[in-house]
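Just so we're clear, the structure is a prediction, and the values are computed from it rather than from any experiment.
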Amino acid sequence: MTKALKLSILGTRGVPAGHGGFETFAEKFALHMVAKGWEVTVYCQADDGPPGPVVDEWQGVRRVTYVADSGATGTMKFDWMCVMHAMRSEGVMLVLGYNTAIFSALLRLGGHPVLTNMDGIEWKRAKWPWHGRIWLYLNEWIGALTSSKLIADHPEIAKHLARRRGTRDIVMIPYGADKIVNADTAPVTEMGLRPGHYYLSIGRIEPENNILPMIEAFASQARDSDFVCLGKLEPDKNPYHARVIEAGRGRVTFPGPIYDARRVQSLRFHAAAYCHGHSVGGTNPSLVESLGAGNAVIAHDNAYNRWVAGPDQFYFAGAAAFAVVLDRIQANPAVLAVARQGAQDRFQQGLTWPPVLAAYEALCSEASGVPSKPARGAA
């Protein structure tokens, strides 16, 4: 009798996806592996309900749900409960993120194969206080040293991890996205926007994501377009948020975070360009999703973004350079067509879901001891 292939996915808020890139990947990969005959468990975090664990099934995926707060302490508590539960399970453990690698290391000590997606260089992010950065730095080392294999989502992240672990234990697999070929204009017009006449930014409102320089540049002069900034804003708690709102007052639309996939797809698809100010990290999901929508991209000029978006996009290093790009597009909108075609070409070169999921499947098969054909994970 053939032994069942089992996979547990830890480190996200769970499925179905509703909060971000890791959740979207967890949903896609869990369903992919169920279709391949694997028994898949995804650990899920709830804001309220029974304390857990609550076990149910969603589209063939076994879900184990715990209630925990969304803050740092709550997330640590959630991760601890998930690891303790997974210790009693069998099969491959896929951990998305290393923020609590000190816990997931117990899975390896318990004899489980542990594959860890090492995400970005979290301890470099300006949003964390000094003690948070120390915690993340230590956990990066723990994750790098105790995991069976490390997954890097970008060549630069793979280079960084090579300082912690031998390259034979590092696998580079980027993030994926769905191709968007059409989208309803209603969510756009309902916000008072004109399709093709607004710039879009999606992401956390943080200094390292260069939201303020982009908004300052846009608002520096009159433009025949709008700027839409999606993201959570708490100006009463966060001085940077207050500065962002003040800089864009009367000129920039701040709808807050939007988790409805249909609305986000419409806003993305009908934007004149997607503005990506992220300066720290690997293959950012929002950037890949924009390429999948055929967006022209205006991105912060760094090695992460240039590898993902490719040579046909626009790049900036500060507010002045961002303003120059906007002026260039306003003077000659035809330049956007070249960037849009370049985005579609780059997306097809390894950033679609099939090669990404196949690469993860091959890694899980190898970890479980089941032969699998090699899969190409990246372009």
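Taking CG of L94 as the start and CZ of F25 as the end, the distance is 5.5 Å to the nearest 0.5 Å. In this structure, CG in L10 is found 6.0 Å from SG in C82, a value given to the nearest 0.5 Å.
A donor-acceptor contact closer than 3.5 angstrom links the side chains of Y43 and H85. Using modelled atom types, one finds a donor on one side chain and an acceptor on the other under 3.5 Å when comparing R268 with S290. The closest side-chain donor-acceptor pair between D153 and Y304, if any, does not fall under 3.5 angstrom. Between the side chains of S147 and Y98, no donor N or O sits under 3.5 Å from an acceptor N or O. Side-chain polar atoms of H241 and E246 form no donor-acceptor pair below 3.5 angstrom. Looking at D345 and Q341, their side chains do bring a donor and an acceptor atom within 3.5 Å of each other. One side chain, H32 or E361, offers a donor N or O that lies under 3.5 Å from an acceptor on the other.
Considering every non-hydrogen atom in both F22 and N117, the closest pair reads CZ-OD1, 3.7 Å.
By the 6.0 Å contact criterion, CZ on R243 is open, its count of non-hydrogen atoms from other residues, nucleotides or ligands being 12 or less. Around the CG atom of D69, the shell of radius 6.0 Å holds no more than 12 heavy atoms that belong to other residues, nucleotides or ligands. For K149, the NZ atom sits in a packed shell: over 12 heavy atoms of surrounding residues, nucleotides or ligands are nearer than 6.0 Å. For W58, the CH2 atom is densely surrounded, since the number of other residues' heavy atoms within 6.0 Å is greater than 12. Counted within 6.0 Å of CZ on R194, heavy atoms from surrounding residues, nucleotides or ligands total more than 12; the atom is thus considered enclosed.
Figure legend: R306 and Y315 shown as a cation-pi pair, the cationic atom lying under 6.0 angstrom from the six-membered ring centre and within 45 degrees of its axis. Geometrically, R251 does not engage F227 in a cation-pi contact defined by less than 6.0 Å to the ring centre and at most 45° from the axis.
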Exercise for review: Would you please test R223 and D327 for salt bridge (Lys or Arg N to Asp or Glu O under 4.0 Å) and show each step?
Suggested key: CA-CA 9 Å; R223 301 185 187 280; D327 293 343; 2.9 Å; yes

**Study point:** Worked verdict on E23 versus R13 for salt bridge (Lys or Arg N to Asp or Glu O under 4.0 Å)
**Key:** CA-CA 7 Å; E23 284 73 24; R13 288 185 62 90; 5.8 Å; no

Mind listing the side-chain donor-acceptor pairs of residues 168-181 below 3.5 Å, one per line with the distance, residues two or more places apart or on another chain?
| residue | atom | partner | partner atom | Å |
| --- | --- | --- | --- | --- |
| D169 | OD2 | R165 | NE | 3.1 |
| Y175 | OH | G21 | O | 2.8 |
| D178 | OD1 | K28 | NZ | 3.1 |
| D178 | OD2 | K28 | NZ | 2.9 |

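Salt bridge annotation for R164-E140: present, with a cationic side-chain nitrogen under 4.0 angstrom from a carboxylate oxygen. We find that R62 and E39 are not joined by a salt bridge, their nearest charged nitrogen and carboxylate oxygen being 4.0 Å or further apart.
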